[in-house]
Amino acid sequence: MREEWKENWREFQALLEEITTMKKREFFLTLAVCALSGLVVGMLISPNRSLMIGSHNGNNSGNGKEKKPETEREEK
């Protein structure tokens, strides 16, 4: 069985040494598939984080849940 694997490996190496041509469209699609699959794999293996950017940071911009007194509501 070990000799069979060695023979298969030699055949595979010979296959890789052949010169072939590829259209620009095929090359672009190959690159696009590799890039997109890399993004998907990266999202799947990344750790989940509960990171909130710009939310509840305490800047007191006036958008809080404070209720204004009745007198200020009626004046507007």
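No hydrogens, no waters, no symmetry mates; every other heavy atom, side chains included, goes into these values. We count residues from 1, following the sequence as given. Please read these numbers as outputs of a predicted model, since none were measured by experiment.
- In this structure W9 satisfies the side chain to side chain contact (heavy atoms under 4.5 Å, CB included) test together with F12, Q13, sequence neighbours excluded.
- Through direct or relayed side-chain contacts under 4.5 Å between Ile, Leu, Val, Met, Phe, Trp and Tyr, I19 connects to no other residue.
- Applying the side chain to side chain contact (heavy atoms under 4.5 Å, CB included) test to M1 and every residue at least two apart in sequence or in another chain returns W5.
- Between the CG atom in L29 and the CE atom in M22 there is a gap of 10.0 Å [rounded to 0.5 Å].
- Residue pairs meeting the salt bridge (Lys or Arg N to Asp or Glu O under 4.0 Å) criterion with at least one partner in residues 4-18, sequence neighbours excluded, are E7-R10.
- To the nearest 0.5 Å, atoms OG1 (T30) and CZ (F28) are separated by 10.5 Å.
- L15 CG to T20 OG1: the interatomic distance, rounded to the nearest 0.5 Å, is 9.0 Å.
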